[in-house]
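What follows is a set of notes on a single structure, which appears directly below.
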Amino acid sequence: IMDIRYYRELLVEWAHRINETQADEGIRSVHMAVLESHLIRKISNQKGVLLCANYPDYKRVSEEDSCSREYSCVLYLIEKVPSGSMKEEEEFAHYGKIDGLMKQLVQLVESGAWSCSPWKMEAKQLKVEWEYDIFGGFNGQSISFKLEEYGDD
């Protein structure tokens with residue numbers, strides 16, 4: 001079963017790896033929460049680009065000769081931007097910056113970085129979406145995916 005502390009450490013490591021490639025500030029901090037309201041309280045006054053994550057839920061999948069777990073994960077790359085505070089070009093640059101960071105995050109999720117984890121997992125069903133005015137005024141992108149844990153039960 002996934003160790004939530006290790007999951008957070010993995011996200012912090014990914015943020016660090018992404019930041020190493022940035023000329024300017026990349027991901028400022030990593031935050032995890034159980035509920036949206038919990039995350040809103042945690043990040044309300046945070047500045048810069050944040051990597052936020054849910055505590056992954058899972059379901060057990062039993063088949064005739066095997067068992068596995070499927071975790072539902074959502075990661076957000078977001079930055080607080082007051083509504084209407086940016087001109088068109090500024091907004092485009094903001095989303096462009098987030099998109100560049102997200103492309104690197106997607107590569108890490110898809111790269112098999114999970115193979116270094118204590119679990120045997122594979123990311124599936126990736127979906128990237130644009131986000132506007134979420135968690136009390138943050139804009140950016142989210143990536144949702146399923147992690148399938150296979151092997152020993």
Side-chain angles (χ1 to χ4, degrees), residues 1-59 69-149:
I1 296 179
M2 181 189 288
D3 179 335
I4 201 67
R5 291 170 297 205
Y6 183 85
Y7 182 60
R8 184 178 186 286
E9 288 172 16
L10 185 63
L11 296 177
V12 169
E13 177 188 326
W14 286 359
H16 179 70
R17 287 171 64 181
I18 291 169
N19 287 347
E20 287 178 335
T21 68
Q22 302 301 304
D24 298 323
E25 185 178 22
I27 299 170
R28 189 166 205 161
S29 57
V30 175
H31 303 273
M32 290 183 64
V34 175
L35 300 171
E36 181 177 329
S37 58
H38 184 208
L39 187 60
I40 289 170
R41 281 193 298 278
K42 284 184 163 192
I43 67 172
S44 65
N45 296 318
Q46 298 290 318
K47 302 220 182 295
V49 176
L50 311 177
L51 172 57
C52 299
N54 69 317
Y55 283 78
D57 296 324
Y58 74 89
K59 68 179 180 179
R69 286 184 180 83
E70 186 178 86
Y71 295 85
S72 298
C73 302
V74 183
L75 305 177
Y76 297 88
L77 280 175
I78 52 176
E79 186 172 25
K80 190 154 197 163
V81 178
S83 294
S85 67
M86 289 186 180
K87 295 180 181 168
E88 184 85 20
E89 287 303 312
E90 291 172 317
E91 183 178 66
F92 186 74
H94 162 72
Y95 277 111
K97 173 179 74 173
I98 298 288
D99 192 46
L101 296 170
M102 179 58 79
K103 285 176 181 165
Q104 290 183 277
L105 184 58
V106 168
Q107 285 179 333
L108 289 167
V109 170
E110 291 181 324
S111 73
W114 305 100
S115 63
C116 299
S117 75
W119 327 289
K120 297 174 186 171
M121 293 197 178
E122 183 179 345
K124 299 182 177 214
Q125 302 176 24
L126 275 72
K127 182 178 182 182
V128 176
E129 296 182 86
W130 294 101
E131 302 291 350
Y132 175 77
D133 204 24
I134 62 169
F135 308 130
F138 288 82
N139 298 344
Q141 287 182 313
S142 63
I143 177 173
S144 58
F145 54 95
K146 302 288 185 194
L147 272 181
E148 184 180 336
E149 179 182 36

- Can you find a pair of side-chain heavy atoms, one from E13 and one from E9, that are under 4.5 Å apart? no

- Message: If you define the side chain from C-beta out and look only at heavy atoms, does anything of S72 sit under 4.5 Å from L147?
- Response: no

- Message: Measuring only between side-chain heavy atoms, which start at C-beta, is W130 closer than 4.5 Å to D99?
- Response: yes

- Message: Any salt bridge linking K97 with E79? Criterion: basic side-chain nitrogen under 4.0 Å from a carboxylate oxygen.
- Response: yes

- One should read off an interatomic distance between L126 CG and F145 CZ, to the nearest 0.5 angstrom, of 6.5 Å

- Item | E90-H94 side chain donor-acceptor pair, cut-off 3.5 Å | no

- Give, for atom CD of Q107 and atom CZ of R17, the distance between the pair rounded to the nearest 0.5 Å. 10.0 Å

- Roughly how far, to the nearest 0.5 Å, is the CG atom of D3 from the CG atom of L10? 11.5 Å

- Task: Report the C-alpha separation of L50 and I27 in whole Å, then their side-chain angles, then the decisive distance to 0.1 Å, and conclude whether the side chain to side chain contact (heavy atoms under 4.5 Å, CB included) test is met.
- Result: CA-CA 6 Å; L50 311 177; I27 299 170; 6.0 Å; no

- Task: Tell me, yes or no, whether the heavy-atom count around E20 atom CD, taken from other residues, nucleotides or ligands under 6.0 Å, exceeds 12.
- Result: yes

- Query: Distance from Q46 atom CD to S44 atom OG, nearest 0.5 Å?
  - Reply: 8.0 Å

- Query: With a cut-off of 6.0 Å (strictly less than), are more than 12 heavy atoms of other residues, nucleotides or ligands near OH of Y132?
  - Reply: yes

- Item | Side-chain heavy atoms of I78 within contact of I43, under 4.5 Å | yes

- Task: Supply the atom-to-atom distance E129 CD to S142 OG, rounded to the nearest 0.5 angstrom.
- Result: 5.0 Å

- Item | side chain to side chain donor-acceptor pair (under 3.5 Å) assessment of E70 paired with Q125 | CA-CA 11 Å; E70 186 178 86; Q125 302 176 24; 4.6 Å; no

- Determine, stepwise, if the pair D133 / F138 fulfils side chain to side chain contact (heavy atoms under 4.5 Å, CB included). CA-CA 5 Å; D133 204 24; F138 288 82; over 6 Å; no

- Task: Could you check E131 against I134 for side chain to side chain contact (heavy atoms under 4.5 Å, CB included), going step by step and ending with a plain yes or no?
- Result: CA-CA 7 Å; E131 302 291 350; I134 62 169; 3.6 Å; yes

- Message: Would you say that L105 contacts M102 through its side chain, given a criterion of any heavy-atom pair below 4.5 Å between the two side chains?
- Response: yes

- Query: So Y71 and Y58, would you call those rings parallel, tilted or perpendicular, with 30° and 60° as cut-offs?
  - Reply: tilted

- Run the side chain to side chain contact (heavy atoms under 4.5 Å, CB included) check on Q141 and Y76 step by step: do they pass? CA-CA 6 Å; Q141 287 182 313; Y76 297 88; over 6 Å; no

- Message: Quick check against the 3.5 Å criterion: does N54 have a side-chain atom that pairs as donor or acceptor with the backbone of V74?
- Response: yes

- Query: So how far is it from K103 NZ to I18 CD1, rounded to the nearest 0.5 Å?
  - Reply: 13.5 Å

- Message: Is there a side-chain contact between E25 and V49 in this structure, where contact means two heavy atoms from C-beta onward sitting under 4.5 Å apart?
- Response: no

- Task: Mark yes or no for whether K42, through its side chain, and M32, through its backbone, hold a donor-acceptor pair below 3.5 Å.
- Result: yes

- Does some side-chain heavy atom of W14 sit less than 4.5 Å from a side-chain heavy atom of V30? no

- Query: Run the salt bridge (Lys or Arg N to Asp or Glu O under 4.0 Å) check on K87 and E91 step by step: do they pass?
  - Reply: CA-CA 6 Å; K87 295 180 181 168; E91 183 178 66; over 6 Å; no

- Query: Which atoms form the tightest heavy-atom contact between I4 and Y55, and what is the distance?
  - Reply: CG1-CD2, 3.3 Å

- Message: Quick check: do L101 and Q22 have side-chain heavy atoms less than 4.5 Å from each other?
- Response: yes

